[in-house]
Amino acid sequence: MKILTPNSIPEALRMLKDGSPDARPIAGATDLLVHWPDQRTSHAGPFVDLSRIDALRGHRWTEDELVLGALTTYWDIITDPRANDELPILPRAARTVGAVQIQTRGTWAGNIANASPAADGVPALMALDAEVETAGENDTARVPLDAFYLGYKQLNMQPGWIITAIHVPRRRCDFSSFIKVGTRNAQAITKVGAAVTHSDAGWRVVANSMAPTVRRCRALEDALDRGISIASPDALIPLLEQDLAPIDDIRSTAAYRMNVLARVLFHELAPVCPFIGTTSGRNAP
Amino acid sequence: MRAPETHSTEIHLVVNGESTRVSVDTDERLLDTLRLRLGLTGTKEGCGEGECGACTVLLDGLPVNACLVPAVQAAGRSVETIESIAPDRLGHMLESGATQCGACTPGVVISSHWVRENPHLLRTHSIRELMAGNLCRCTGYDGIVEGLAAAIDAENPDTHDNGERA
């Protein structure tokens with residue numbers, strides 16, 4: 001097994017092409033190196049380490065976007081006062097990933113590319129309408145994050161390309177909430193998760209660990225945008241079921257996941273949506 | 001199982017303040033470079049999957065799990081291990097009974113040292129959140145948190161503990 005260390009994007013793309021189809025890019029390597037002594041021989045490789053490429057480093061604020069270079073870590077955003085002020089759902093999500101030792105290494109772009117349905121960074125980015133910028137040898141592309149997953153671990157990206165940046169609109173949200181249900185506060189993989197925002201663009205409700213990919217709950221978003229009355233947590237379930245398909249696995253069950261998601265969403269939304277929980281009278285205007 | 005195919009490369013890094021050149025396998029973990037090539041065995045391997053924090057070292061001043069860092073990613077950077085910590089820095093931890101079986105202690109000491117060096121982090125984080133990546137299976141967290149809080153208070157006499165720090 002080889003880890004190659006290119007210094008530029010063109011060099012990295014060339015190495016990925018030469019190593020195709022098995023070559024894979026890595027950044028923080030926090031997922032890859034788990035139980036590495038047992039795993040290293042099972043990969044065909046090589047891995048192309050992007051961490052030396054200056055053009056992928058750091059994040060910047062433009063007039064209308066936060067641009068995360070592909071090497072931007074969770075910790076970079078946790079410690080950025082502006083992110084905490086303007087886009088607090090990002091640092092809030094980042095602080096639920098592993099613990100500090102993972103947050104200092106793991107990257108937002110790696111979280112997207114690794115494509116785990118349980119990814120915690122992805123729902124927060126998706127609830128902000130982030131877009132993914134990718135690059136190949138002769139071209140670049142920009143795809144909305146909510147169109148970036150075609151299926152379980154299937155990315156809407158050309159083979160041999162890499163993610164170069166994530167573009168997050170600097171849109172003020174008058175409501176944002178990040179929910180993670182796991183077995184403990186730190187070092188836990190999400191059983192049920194969601195990121196919810198409201199802005200001029202409307203409602204966004206994004207769930208993780210609830211489908212083969214992180215996914216927007218469009219039927220619920222639409223109901224919220226139209227102000228449709230939702231009387232109870234159970235009344236949310238038929239809306240959620242239109243977009244989500246949780247499974248039984250080692251961490252939880254499909255039934256638990258759907259029940260818990262409906263309940264946490266109901267209790268997050270009821271205080272801010274007068275049309276939610278109205279029949280009980282608890283939120284009557 | 002076939003023997004792992006190895007590819008070597010030389011990296012240059014600063015370890016505990018000393019400029020160091022070392023030949024590593026390109027797919028080697030920083031943990032193994034430190035322990036097996038440089039003889040810095042104070043850093044321990046616990047779980048090998050980035051959960052327990054026993055292998056915590058500082059990479060360019062930030063805590064990382066050395067079991068999850070490819071050694072080639074430490075090239076040109078600075079690494080601090082438990083061996084760099086002066087024994088007199090451990091006083092508060094000894095007084096509070098912050099060590100029990102000792103398995104987690106090297107990582108706990110490194111993370112505690114980092115929090116002590118960066119007390120501004122306590123404006124946004126609790127000690128428990130900053131230390132959440134260091135698991136103690138004796139469950140001796142109270143002693144660890146109290147020892148660290150006492151050390152920080154002693155080093156930052158001007159800050160007032162609002163009682164929520166821990």
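Quantities reported herein were computed from a predicted structural model and do not represent experimental measurements.
The contact between A/Thr30 and chain B is made by backbone and side chain atoms together, counting heavy-atom distances below 4.5 Å. If you measure heavy-atom distances from B/Ser111 to chain A, the contacts under 4.5 Å come from the side chain alone. With a threshold of 4.5 angstrom between heavy atoms, A/Arg95 approaches chain B through its backbone and through its side chain. Looking at B/Asp25, the atoms closer than 4.5 Å to chain A (heavy atoms on both sides) all sit in the side chain, from C-beta outward.
More than 12 heavy atoms of other residues, nucleotides or ligands shown are found within 6.0 angstrom of NZ on A/Lys153. Environment of CD in B/Glu18: sparse, with no more than 12 heavy atoms of neighbouring residues, nucleotides or ligands closer than 6.0 Å. More than 12 non-hydrogen atoms from other residues, nucleotides or ligands lie less than 6.0 angstrom from CZ of B/Arg77.
A/Asn185 is not listed as a side-chain neighbour of B/Glu129, based on a closest heavy-atom distance of 4.5 Å or more. Counting heavy atoms from C-beta outward, B/Pro70 and A/Leu33 have side chains that approach closer than 4.5 Å. Residues B/Leu59 and A/Arg105 form a side-chain contact, since some pair of their non-hydrogen atoms from C-beta on lies under 4.5 Å apart. B/Asp27 places none of its side-chain heavy atoms less than 4.5 Å from the side chain of A/Phe47.
One N or O on the side chain of A/Thr104 and one on the backbone of B/Pro63 form a donor-acceptor pair closer than 3.5 Å.
Considering all non-hydrogen atoms of both residues, B/Ala132 and A/Ala99 come closest at C-CB, 3.8 Å. Across all their heavy atoms, A/Ala27 and B/Gln73 have their closest contact at O-NE2, 2.7 Å. Between A/Ile3 and B/Thr26, the closest heavy-atom pair is N-OG1, 3.1 Å.
Note that the CD atom of A/Gln101 and the SG atom of B/Cys55 stand 8.0 Å from one another [nearest 0.5 Å]. To the nearest 0.5 Å, the span separating NE2 on B/His120 from OG1 on A/Thr79 amounts to 8.0 Å. One finds the CZ atom of A/Arg40 at 7.0 Å from the CD atom of B/Glu28 (value rounded to the nearest 0.5 Å). Taking CD1 of A/Ile78 as the reference point, atom OG1 of B/Thr124 lies at 9.0 Å (rounded to 0.5 Å).
For residues 108-123 of chain B, every residue pair satisfying the salt bridge (charged side-chain N to carboxylate O under 4.0 Å, His left out) rule, not counting sequence neighbours, is listed here: B/Arg89-B/Glu117, B/Arg116-B/Glu155.
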